[in-house]
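Letters A, B, ... mirror the listed sequences (proteins, then strands); counts begin at 1.
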Amino acid sequence: MKHKFRRALLAAALGIGVAAAAGAGAQEIKIGALATLEGPFAVPGQDSMRGVELALSEVNYTIAGKKVNLIKGSSNANPDVAVNAARKLVEQDKVDILIGPLSGSEGLAVKDYAKTQPNTTFLNGSSAAQDTTLRDPAPNFYRFSTDGAQWMAGLGEYAYKTKGYKKVAVVAEDYSFPYTQVMGFMVPYCAAGGKVPEKFWVPLGTKDYSSVIAKLPQDVDAIYVALGGADAVNFLTQYQQGGGNKPLIGGSITTDQTVLAAKGRIRDALIGTPAAGPIADSWDNPKWKAFVAAYKKKFPDGLPSPSLFAHAYYVETKAAIAALEQVKGDLSGNQAKLRKALSSLKLDTPTGMVSLDENRNAIADMFLTEVAVGQGGILYNKVVKVIPQVNQSMNMDKAKFLALGPVSRTNPECR
Amino acid sequence: MRLLILTFLNGLTLAALYFMVASGFTLVFGLMRQINLAHGSLYLLGGYVGYEVSQMAGSWFLGVGAGFVAMAVIGLLLQTLLFRFMEGQELRQTLVTIGLSIIAADLMLAKWGGLSYQFDPPEWLFGSTPMPIINAYPTYRLFLLGVAIVIGVLLWFFLTRTRVGMMIRAGVDDRAILSASGVNVQLVFAITFAIGAGLAGFAGVVGGTALSIAPGEDSRYLLASLVVVIVGGMGSVPGAAIGAVLVGLAEQFGLAYTPTYGIMFTFVIMVAVLAVRPQGILGRRA
Amino acid sequence: MSAVLPAQPANASGAVAVGRRSAARPYHFIVALLLLVFPFVASDFWIVQIGAQSLILGVIALSLMFLAGYGGMVSLAQMTVAGVAAYMIAIFGVSTTGSGLGWPWWAVIPWAIAIATLYATLVGALSVRTEGIYTIMITLAIGMATFYLAQQNYTVFNGFDGFKGLEPPHLFDVDSREPLPFYFLSLAVAAVCYFFVLYVSRSTFGLSLQAIRDNARRMRALGYNVTLHRIVAYSLAGLIAALGGVLSVWYNGRVSPGSIGISPIINILIIAVMGGMLRPAGPFVGAIVFVLLQTFAIDFIDRERFNTLIGTVFFLVVLFSTDGLLGLWERVRVRLTAPRAGVTSGQRDGAEGQR
């Protein structure tokens, strides 16, 4: 049957071609980039790739005299798909370094996969589940971006002490990343005296929040919303329509550019919402401004301002570039020199200095923000405070932090 | 008490939306024995088209009309160019429409991206209506309920009081005799399919205003339509109404009182109905 | 309700000729040789990601083909059955993270297969009274309900994240995680399932099943227990799918609700239909094409449009062939080898499998 054989031949030829190219790769460095180009996080996924491309274009796709070959992989927030895509990049395309994935549960799965591939170096994308590095880390998995709990630094205390919210209800997606975010919010919030009487966990991709909104307690002072992308837009719209008027507290991806840029009338509900995360759109800092300008110049049809996904992938790629340049592109001996360089790297990023702890997780500055209206009516995150050098235990005692136990639907609690 | 009333209203308004989407599906199956699994794609595409038109023209109502008309035209094309040649081959139709829906979903993702689109309905529709006990309820959802009732009545009127409606009902009962009595059956089919598709597009705009449109809505509403139509009985519009109410209420009560497993309810109902009474509540065995 | 599937090609006397095509032909030996020799000349990636994955997907799609092709029942729950087996291995077996109950391989594998087959029998019992599109719907609903159960439940199924660290056992000093042993394990299982299906299709049970597919009422009148036959068919298909499920959890090293969601369910349908549902070789052909497209689509078109590509291929195959790729192949072969004169239209129509 002509079609079947022709296609099979073409694919085989391609496979051989790619394999051949892999063999001829001595003069080039292969970097794989894995992001969620499909599914609920398709838009953040696209922005992540922009971050990678921006970093690589800054060095003209050349590191230590060698050309960089960027190969993209796609997933859809599903851990199995992410691992399959990673497998293709690592085992078929033979990338030297894999940057990714984007989503929390994917990160946990890719970390496990990394353990089976000691010859490849894995840098995180933006996945921010805690246990990707805090518990059972992989020796070749590096996270220069920070985890979801770190992102919440400062917000818990701000909510209780400055905003005066004594009781907060939580609405969040039901998987590892929001669990981490909720912990990052609740641990300081509860320690300051706050109470969280109820938490509502919704499956990723929920469209209809009417039942959740119906059950929100009337006697809370605010609602902490840790939903992303389309979920956040839906919840906020329906909450508004249902007559809800409680102030909101945002998780890091709830007030991200991908939500603020959404078209529709939910913007009114968002103005004034405090949130925290690894970036702040409006930070008055020359390095940050230069980064935003470079992003806008290179991607005129990208988002109005780079999202935290673009930023995270950008930082990770910069780390790879910096480490590779430090070892002059030497990937021999199982990339030993590269790994050493990565572990001890002190990277200067648009959001401050970043270095790694002993689990290869980043220590970086965090931003406490509030949503404000800017030029042309565009919403952005205004900086309230910069919290310097937050580590994975949120600058608490590490043993005490670990004793809190791994995050889940029911951990932590403070009714 | 408050939760009970809210949940009941939520279920009823969700049922309204499901009825609008499912009525087109059941009409097409009832007459033409045709499984159109691209029905959900029509919903989503109608929503996108309606969005673009409403943005361009600045009018939400125009968007609604555009959604209906555009999908009706596409439905017409699908029927005359594709489905006409596959009559009677149920599995083939199922598979071809699955293929179409996969392609359509991906192309829509390419054109409109992964963003969620929110419509801008007129002011008086947006916001909340004050109500006793529960304080306020989204006006728009009440509007949805009203629209669904109007559609139901219009459909009933169309099917029972117009000539075309009579032909459709006759065709559901016995297609061969209908053809033998001189009616241009293909024309009737084309009209029916166009109406069914148009209804999906209409629901896409109207429903999308309530719940936003984004990739993935197509499979969600397709699955919902299937459950509603199977529970109510394939080919019966009153059955679709009953099915929609049952499914809508079950879903909302499930989500409200057993949130962890509430989303399974819809499918459990479908399994139960199919296992016990496969033709549905008001359907009849072929 | 009209027949759901294209009829088995009939010979002149109208009898369903099942054994006709199974005579060993030269290209059968070539294929067998290729399958055996291929891993020795291909890279690890090709052996496992392409070879083993195609075989595993082929086995699961084979279970669908068995039910649909011989039984006339298109069940979308086969991937779910495989998933149940996978979850049983994860919950009761050994994992590197210590999350399972730690049963040794000789206990957990039969147990997983047994539970999955039981589940498939249950699916069969629920679906047996349905026909055509309704069967598709009820099996899809069962599959989705199971998916949501696995996703929402943390105590048994560990919810969204599922289980990881699952490895094939170390048997007789052979580490079946290595590419070659794993490939041959998959090949062995696939071969066993393939020949099993062939054998069953020619057995009394298989012939009765096909007769039921063609005319259930007549069979009932003849005294056959149609319901029992159908349920047994579901169980047998479940057994095959369970084997595929065990292999798949070893291949992935993990199982999560995403493995049994709507996408994988539809993928198996696509594979079975694309390859052809009238012969057991069909699912494997479909699986290879699917895996090749899936793996290499990102290299020659934008990976993001992979779904358009696979959707278009599927659409075209279904539109132009009633028996998938194998059917197209058959048509071309017949056209090329048909004698010039004396070909009756009946014979040609029969060979092409038209209705």
Side-chain angles (χ1 to χ4, degrees), chain B residues 29 33-35 37 82 85-110 113-114 216 219-220 222-223 226-227 229-230 234 258-280 283 285-286, chain C residues 1-6 68 72 74 123 125-149 151-154 159 262-263 266 269-270 272-274 277 302 304-319 321-322 324 355:
Chain B
F29 184 81
R33 287 268 166 272
Q34 191 159 293
I35 314 287
L37 290 186
L82 197 58
F85 306 108
M86 288 194 282
E87 262 174 59
Q89 299 170 40
E90 273 184 6
L91 182 66
R92 194 132 170 248
Q93 284 166 15
T94 309
L95 297 173
V96 165
T97 50
I98 287 181
L100 271 178
S101 69
I102 295 175
I103 300 175
D106 204 46
L107 290 177
M108 284 191 276
L109 179 64
S219 11
R220 176 170 182 246
L222 176 65
L223 283 174
L226 284 171
V227 180
V229 156
I230 282 178
M234 290 262 218
T258 52
T260 317
Y261 297 107
I263 35 177
M264 282 172 66
F265 278 28
T266 324
F267 299 104
V268 172
I269 290 178
M270 179 141 104
V271 173
V273 169
L274 280 172
V276 169
R277 193 186 154 87
Q279 67 267 38
R285 272 251 169 208
Chain C
M1 198 165 293
S2 46
V4 170
L5 287 169
V74 180
V123 171
L126 285 170
S127 318
V128 74
R129 291 180 53 199
T130 58
E131 274 175 1
I133 182 70
Y134 293 102
T135 311
I136 298 181
M137 295 292 93
I138 193 175
T139 50
L140 177 63
I142 296 175
M144 290 308 291
T146 314
F147 162 74
Y148 280 114
L149 178 65
Q151 188 185 270
Q152 296 299 93
N153 177 295
Y154 272 83
I262 186 84
S263 268
I266 298 290
L269 178 69
I270 290 178
V273 169
M274 258 208 317
M277 288 209 279
D302 229 348
E304 293 151 46
R305 299 282 80 77
F306 161 72
N307 280 316
T308 305
L309 180 65
I310 194 86
T312 313
V313 171
F314 179 74
F315 176 77
L316 291 172
V317 167
V318 179
L319 200 57
S321 161
T322 47
R355 289 174 71 235

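- For chain C, the nearby parts of B:L107 are the backbone and the side chain; heavy atoms of each come within less than 4.5 Å.
- The candidate with the highest count of non-hydrogen atom pairs below 4.5 Å against chain C, out of B:T94, B:I230, B:L100, is B:L100.
- Between C:Y148 and B:F267, the ring planes lie parallel to each other; the angle is under 30°, not in the 30° to 60° tilted range.
- Counting all heavy atoms, side chain and backbone alike, B:A275 lies closest to C:R129 at O-NH1, 3.3 Å.
- For the pair C:N153/B:T260, no side-chain contact is recorded, criterion being any heavy-atom separation below 4.5 Å from C-beta on.
- Here OG1 of C:T312 is found 3.5 Å from CD1 of B:I103. Values are rounded to the nearest 0.5 Å.
- Put simply, of C:L126, C:I136, C:L149, the one with the most heavy-atom pairs under 4.5 Å next to chain B is C:L149.
- In this structure, the separation between OG1 on C:T146 and CE on B:M264 is 7.0 Å, given to the nearest 0.5 Å.
- With contacts defined as side-chain heavy-atom distances shorter than 4.5 Å, the pair C:I270/B:I102 qualifies.
- Neither the backbone nor the side chain of C:L316 has a heavy atom closer than 4.5 Å to any heavy atom of chain B.
- Atoms CE and CD1, from B:M270 and C:I138 in turn, are 8.0 Å apart once rounded to the nearest 0.5 Å.
- In this structure, the side chains of C:V318 and B:I98 stay at 4.5 Å or more apart for every pair of heavy atoms.
- The distance from atom CG of B:D106 to atom CG of C:L309, rounded to the nearest 0.5 Å, is 9.5 Å.
- For a residue to count as touching a neighbouring chain, one of its non-hydrogen atoms must lie under 4.5 Å from one of that chain's; by this rule B:V227 does not touch chain C.
- Atom CD1 of residue C:I142 and atom CG of residue B:L274 lie 8.5 Å apart, to the nearest 0.5 angstrom.
- The distance from the CG atom of B:L95 to the CG atom of C:L269 is 5.5 Å, given to the nearest 0.5 Å.
- Side-chain contact check for B:I263 versus C:Q152: some heavy-atom pair is nearer than 4.5 Å.
- Proximity to chain C (any heavy atom under 4.5 Å) is restricted, for B:L82, to the side chain, taken from C-beta onward.
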